[in-house]
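This report refers to the structure that appears directly beneath it.
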Amino acid sequence: MSEQAGYDLIGDIHGYADELERLLTKLGYSESNGVYEHSERSVVFLGDFIDRGPKIPRVLEIARGMVEAGKAKAVMGNHEFNALAFHTPIEDSEHQTLRQRSNKNIRQHAATLQQLKDGPLADSLNWFRTLPMWTQIEGPDGQLCRAVHACWDARSMEQISKSLDQHGGTNSAFLADAMNKSHALYEAVEVVLKGKELGLPDGHSFLDKDGHSHNAIRTRWFEKPTLGAKYQDYVLQADPIDCDVMIASEVCDRIEPYPSDAPPCFAGHYWLRADQPERLSSKVACLDYSVAKDGYLCAYRWDGEQEIDNSKFVWTN
Ligand SMILES: [Mn+2]
């Protein structure tokens, strides 16, 4: 694609196909022979195509159609990963699956279970298996940018690559290791697909807005906490938390944030809320603005710039 001018990165869609078609249209894509395309640009989907929304099969048809026609790339979200584990039996077990079929897990996957059955479900799971957990893209003049569902972390990615090589892809044996809490792959997949956590000091915990107790926070992995910061200041989510314990300086010292000289990185996952999207740092942006919770679908138009520009977000409201 010599005429390739840039990439449009798109955050979590969660079955909201009408919003996806509106966003693609707004970005200048149009449907030709059933595939959305643009004469000079292509898309990078940041994962979480399924669960929650009303038109999951249509979202998959659009995204997969674009990927298979070479008009888009896509990375896996935690919802696709969870779906794979939910539908993969534990070896030598008749009824159990790698992701337990608890009420909570069934509820989280319910919209997909209602809308995709049998052949189409199996076919979608096969497509999820082909999705990489991250990708690096080359811009018009060789500049790079990165895409991952939740967190770019070199050490975790090394472990995932090693396991993929060992098992030969995202197959049942890979998923079994990834769902085994005592295997190093478990934590690596958690970081890349669900975000990096920081445990609170012993004996501390906080309650979220639903009353669930937590002993770790989901961190702002793209920056180091400022000196004297409290745990509640270093959390990456839309709802504030109440945890005014100070982060000890030796804990701060151990935190390695996303490098300031690395390519820009785009993620989804964090259910952000804002009237207008904005970057998290000059190098990192989250494009998940909660389309499945009365928010909007969000994209970023990347043309090779190495610092994320707040004027280049495009969204559906
Ligand atoms: Mn999501």
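Atoms within a ligand are numbered from 1 in the order they appear, just like the ligands themselves. Along the sequence shown, residues are numbered consecutively beginning with 1.
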Output a table of donor-acceptor pairs, distance under 3.5 Å, between side-chain atoms of residues 241-261 and any protein atom two or more places apart or on a different chain; print 'none' if there are none.
from   : atom 1 : to     : atom 2 : distance (Å)
Glu256 : OE2    : Arg155 : NH2    : 3.3
Tyr258 : OH     : Arg146 : NH1    : 3.1
Tyr258 : OH     : Pro263 : O      : 2.6

> Do Asp288 and Lys293 pass the salt bridge (Lys or Arg N to Asp or Glu O under 4.0 Å) test, and can you show the C-alpha distance, the side-chain angles, and the key distance before you say yes or no?
Replying inline: CA-CA 11 Å; Asp288 177 19; Lys293 277 187 202 161; over 6 Å; no
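Between Tyr296 and Tyr289, the two ring planes are parallel [angle under 30°; tilted spans 30° to 60°]. A parallel orientation is assigned to the rings of Phe206 and His214, their planes being inclined by less than 30° (bins at 30° and 60°).
Between Asp309 and Arg301 there is no salt bridge, since no side-chain N of the basic residue sits under 4.0 Å from a carboxylate O of the acidic one. Salt-bridge annotation for Glu31 and Arg58: present, with a side-chain N of the basic residue lying under 4.0 Å from a carboxylate O of the acidic one.
For the Mn ion (ligand 1), the set of protein N/O/S atoms nearer than 2.8 Å consists of Asp12 OD2, His14 NE2, Asp48 OD2, ordered by chain and number.
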